[in-house]
Amino acid sequence: MDNSKRYYVTTPIYYVNDVPHIGHAYTTLACDVLARFKRLDGFDVKFLTGTDEHGQKVEKSANDKGVDPQTFTDTVSQNFRDLLGVMNFSADDFIRTTEERHKISVQALWKRLIDAGEIYLGSYSGWYAVRDEAFYGEGELTSDKDGNKIAPSGAPVEWVEEPSYFFKLSAWQEKLLKFYDDNPDFIAPKSRRNEVTSFVSGGLNDLSVSRTTFKWGVPVPGDDAHIMYVWLDALTNYITAVGFPETETGEYATYWPADLHMVGKDILRFHAVYWPAFLMAAGLEPPKRVFAHGWWTNEGQKISKSLGNVIDPIELVSTYGLDQVRYFLLREVPFGNDGDFSRTAMVGRMNGELANDLGNLAQRVLSMVNKNCGGAVPKHGEFNADDNAMLSDAHSMIDGVGKHIDNQAFHEALEVIWLVIRASNAYVDAQAPWKLKKEDPARMETVLYVLAETVRHIAIMLQPFMPGSMGKMLDQLAVSHEHRSFGFLGPNHALVSGTALPAPEGVFPRFVEEEKGA
RNA sequence: GGCUGGGUAGCUCAGCUGGUUAGAGCGCGGCACUCAUAAUGCCGAGGUCGGCAGUUCAAGUCUGCCUCCAGCUACCA
């Protein structure tokens, strides 16, 4: 089977205790662009997202609300599913850890680990923070005003002492380091890779992978008193979704190992250390790559619930427009870095780059075509050096964009496209088709043809980022839906002269600040 | 305390293995054009490339020290 043209990309499963915010939208957006790009490039793509619904914290939230955990998670999980529609995310599957397929999968993985001798029963005692789902060492704790011990995160901790199963993580230090060494691109960006390797080099402790103090989770096979550790449960979703424990046929055989796990930098360790260790211990292949992206600040301020400055993606979209927001998030910041969301920057990007550079380019070209070429794709004569240079820019865009996409360098990919957009505007001015209209109408048609063809390439290339808007732009060029994939780039599928075009219509309106007062 | 990555034009950042006048976008100033969403194009503005010392014919680009920022990590008995 040809496995080279398939692509499996995942978001983390989102913890249902949260309300969807810009961070969730950002992570999924990055995956959506990758998935769309690969589909257009002829890949068989699986794009997975979903929700993480187990754990003591969820159990507690449900109790506080007076509902059973399943009812509670049914409700809040829907918030994340709704976000897909709002953001136009093209996920192929939405997994919930409370699904039966997942319970089967996690328990099967557990059995593999038991059979391999990678899990043993011991007992655990330590300071545990329910809020963080994590244990802390005595030395990490501080005290609050009332003298209660609290974790570095500020979460209250309690002393727990209970029997627990352990995963022999300590035995995996060398193998993990070798794995990182053999797979230098496994962790991205590079700086994160350094952090992980230095963490692993510092030594690993066995990991407690079961709890007995709550019930809301997947029971340990053969020992119902124990509920599996939430991270072992959660991480397994990535293989559940491809049909694990069936590994010989079906989606697992097709898609695993995943090409990319996209994660926020806060959960990199779980994905880059624990997860590959679990998988290798179970005799399964680890994923090919984990990318840890950064965080957003809001107008220069750290975002936090207590500050009340959480950014709601739904509100953003209704204020600025969907594709404008999608564009901004991936354009404003080198992917992997932290970034700042500000109204000024948002409006600057949408007006300067979408409305002025791109929207106006399409509009000025299509408008001239509409008025001067009988509302149809113009005829062209011989291309001169300028024309060929312009077309060549358009044709070669895919090379640079593809390379950057494979590195998750979205901002660079967009920059490559924008270079062509700027070159197009310069070409319009240099050729001055409005002058040619009187002096040399045939030459004018050739110039407008070159421009229309260039816009076609730009629109096709930008579809993954702004699917809705680029769909409209391609509609205006009368490019049929079957001719919008990357296979139709290049001169062999160029616009056909004489094809009737609809009346042009602006795709990216300028954002005008509303007057305050009255 | 240790490790890693950074400190380059007002702002956000590019600058691979050292080599003529250090680049881009935005912002700012001027000019051109009028097809287009008052959009576009062209030109310019002169930043001791965090500091000091060193290596070299030659250093943002290498070495040492210092300083500041960020992340990770350890310790605080």
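Bear in mind the structure is a predicted one, so any value in this text is a computation, not a measurement. Within every chain, numbering begins at 1; the chains are lettered A, B, ... in the order of the sequence lines, protein sequences first and strands thereafter. Any value given below was found using the heavy atoms of this structure, including those in side chains, with hydrogens, waters and symmetry copies removed.
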Check the orientation of A:F335 and A:F410. Use parallel for under 30°, tilted for 30 to 60°, and perpendicular for over 60°. perpendicular
Could you tell me how far [M] sits from [N] if I compare only their [atom1] atoms? Round to whole Å.
| N | M | atom1 | value |
| --- | --- | --- | --- |
| B:A58 | B:U20 | P | 14 Å |
| B:C11 | B:G47 | C1' | 13 Å |
| B:G51 | B:A9 | P | 11 Å |
| B:G27 | B:C33 | P | 23 Å |

Paired nucleotide for [N] [Watson-Crick or G-U wobble; both distances under 3.5 Å]:
| N | value |
| --- | --- |
| B:G47 | none |
| B:U40 | B:A32 |
| B:G5 | B:C69 |
| B:C16 | none |

Mark yes or no for a side-chain to base donor-acceptor pair under 3.5 Å between A:N360 and B:A36, with no hydrogen or angle criteria applied. yes
Quickly work out the A:F508 CZ to B:A36 C1' distance and round it to whole Å. 16 Å
Given the 90°-from-0 boundary between syn and anti, B:G60 should be labelled syn
